[in-house]
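Okay, structure first, notes after.
This chain uses plain numbering: 1 for the first residue, then up along the sequence. Keep in mind that the numbers below use all heavy atoms, side chains included, and drop hydrogens, waters and symmetry copies.
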Amino acid sequence: MKKKAIIIIGGGYLQINQIKWAKELGLHVIVTDKNENCLGKSFADEFKIIDGTDTEKFFELIDLVKIDYDFIGCYSGSDFGLITVSRISEKFGTFGCTVNSARLSLNKFSSKKIWQKNNISTPDGFTVSSIKDVIKIISKIGFPIILKPIDSSGSRGVNSVWNYDSLQSSFDESSQFSNEIIIDKIINENHLDVNGVFLNNSFFKCGIFDRFFSVPPKHIPIWGCTTTLTVEQENTIYAIVEKAARLLGITVGPVKADVIFNKNGPHLIELTPRFHGDVSTSFILHHGMNINPIKCWFSFLKQD
């Protein structure tokens with residue numbers, strides 16, 4: 001019987017725990033990264049220099065892997081590898097969401113419209129491609145606003161704007177990451193990271209924690225902690241995340257959602273088919289809440 005193998009896209013510091021847990025499960029771990037000097041390289045059984053978006057190179061790699069191993073799937077902890085993961089799932093019959101669902105989730109504007117049509121509270125998003133468009137939107141909704149590249153991730157290019165003085169520079173920076181920008185009216189209060197996973201079409205809760213960001217205008221996540229929400233509030237949020245994922249066609253594998261909770265209840269910001277970053281998922285959830293969704297997902301893929 002062939003040993004089972006998994007591919008982990010990304011070999012940086014934040015992927016080291018993913019690699020270790022996969023090996024603890026007895027998996028042959030192949031790590032890929034475009035950086036030949038990535039830290040995860042030394043923890044893997046095999047390492048290949050492949051950009052996470054180069055799907056054809058992954059197809060070639062998997063054909064070779066299948067000669068000696070039972071290939072069970074691919075995991076990406078960042079948005080940039082999600083289309084690759086979904087294409088691999090469709091081509092090789094491994095567990096994962098469809099390419100269409102992955103694309104929908106990564107397009108913040110399209111996903112918002114689907115959720116709004118189905119009565120899920122999410123900020124009104126307006127797409128713009130010029131500073132003139134931005135000014136028109138501001139005349140309708142006012143300040144403060146937040147600018148988000150439509151298909152970026154990891155808080156890249158995200159800026160809040162409080163007046164016209166910083167508008168041009170903020171728009172220019174956001175435009176470096178995408179040709180289209182989403183404008184949202186800022187919603188304040190608790191920002192929450194929510195993890196879940198679909199196994200055999202059933203949704204399982206995988207932890208909620210409070211997340212805190214750098215001082216505006218940047219919105220870079222800097223730390224988090226276990227949430228102080230009530231069980232009833234948590235269950236309400238999980239129900240919304242499950243519904244939102246299913247509306248995008250995501251019914252297999254990990255989901256992570258960004259949610260803002262205030263006096264009016266939860267407001268869904270975005271959702272994609274992966275878990276939250278390794279710091280929060282592997283450390284806060286693993287040590288603070290005794291939950292390890294990554295290892296759970298790898299165990300499901302292994303299915304002895």
Side-chain angles (χ1 to χ4, degrees), residues 17 77 97 105 108 111-112 114-125 144 146 148 153-155 158 160 184-216 219-248 250-297 299-300:
N17 274 327
C97 77
S105 71
K108 299 176 178 67
S111 54
K112 277 176 177 289
I114 292 172
W115 296 331
Q116 287 172 339
K117 288 179 181 178
N118 289 272
N119 300 315
I120 291 178
S121 178
T122 184
D124 287 329
I146 190 161
K148 300 178 182 179
S153 66
S155 298
V158 176
S160 57
D184 281 340
K185 184 74 174 177
I186 289 181
I187 298 177
N188 293 313
E189 300 300 331
N190 292 359
H191 193 118
L192 306 169
D193 286 354
V194 186
N195 279 321
V197 65
F198 287 94
L199 306 177
N200 296 324
N201 202 36
S202 295
F203 179 78
F204 294 89
K205 307 166 186 176
C206 292
I208 299 176
F209 49 93
D210 297 328
R211 185 161 66 162
F212 300 88
F213 293 84
S214 58
V215 176
H219 290 264
I220 300 170
I222 54 175
W223 68 286
C225 62
T226 53
T227 185
T228 55
L229 295 176
T230 66
V231 172
E232 181 179 2
Q233 289 170 334
E234 288 187 11
N235 288 337
T236 297
I237 291 169
Y238 279 125
I240 290 172
V241 169
E242 178 182 0
K243 180 180 178 181
R246 290 187 183 276
L247 286 169
L248 300 183
I250 301 172
T251 58
V252 180
V255 291
K256 72 93 179 173
D258 294 357
V259 176
I260 293 178
F261 193 92
N262 62 18
K263 63 181 180 180
N264 297 316
H267 308 273
L268 183 62
I269 306 302
E270 61 181 65
L271 180 150
T272 51
R274 64 174 175 88
F275 295 120
H276 275 287
D278 196 61
V279 171
S280 51
T281 300
S282 296
F283 289 92
I284 297 172
L285 290 183
H286 179 49
H287 297 292
M289 304 176 74
N290 198 30
I291 298 172
N292 193 327
I294 294 174
K295 198 169 185 179
C296 170
W297 176 235
S299 296
F300 179 80

If we only count heavy atoms from C-beta on, is the [X] to [Y] side-chain gap below 4.5 Å?
X: I208; Y: V259; result: no
X: K256; Y: E270; result: yes
X: D210; Y: L192; result: yes
X: T227; Y: Q233; result: no
X: L271; Y: I250; result: yes
X: W297; Y: L199; result: yes
X: V197; Y: P293; result: no
X: D258; Y: H276; result: yes

> How far does CZ of R274 sit from OG1 of T281, to the nearest 0.5 angstrom?
Replying inline: 8.5 Å
> Can you tell me how far the CG atom of N195 sits from the CD1 atom of I291, to the nearest 0.5 Å?
Replying inline: 8.5 Å
Kindly give the heavy-atom pair with the smallest separation between [X] and [Y], and that separation in Å.
X: P266; Y: S121; result: O-CB, 3.7 Å
X: V255; Y: F275; result: O-CD2, 4.4 Å
X: F198; Y: T251; result: CB-O, 3.1 Å
X: P273; Y: S105; result: CD-OG, 3.2 Å
X: V241; Y: F203; result: CG1-CZ, 4.3 Å
X: L229; Y: F261; result: CD2-CD2, 4.2 Å

>> Going by salt bridge (charged side-chain N to carboxylate O under 4.0 Å, His left out), name the pairs with one or both residues in residues 234-246, residues two or more places apart or in two chains.
In response: E242-R246
Give a yes or no answer on whether the side chain of [X] reaches the backbone of [Y] with a donor-acceptor pair at less than 3.5 Å.
X: K112; Y: P123; answer: yes
X: Y238; Y: G207; answer: yes
X: T122; Y: L268; answer: yes

>> According to ring-ring contact (aromatic ring centres under 6.0 Å, His included), who are the partners of H267, at least two apart in sequence or on a separate chain?
In response: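 Residues passing ring-ring contact (aromatic ring centres under 6.0 Å, His included) with H267: none at all.
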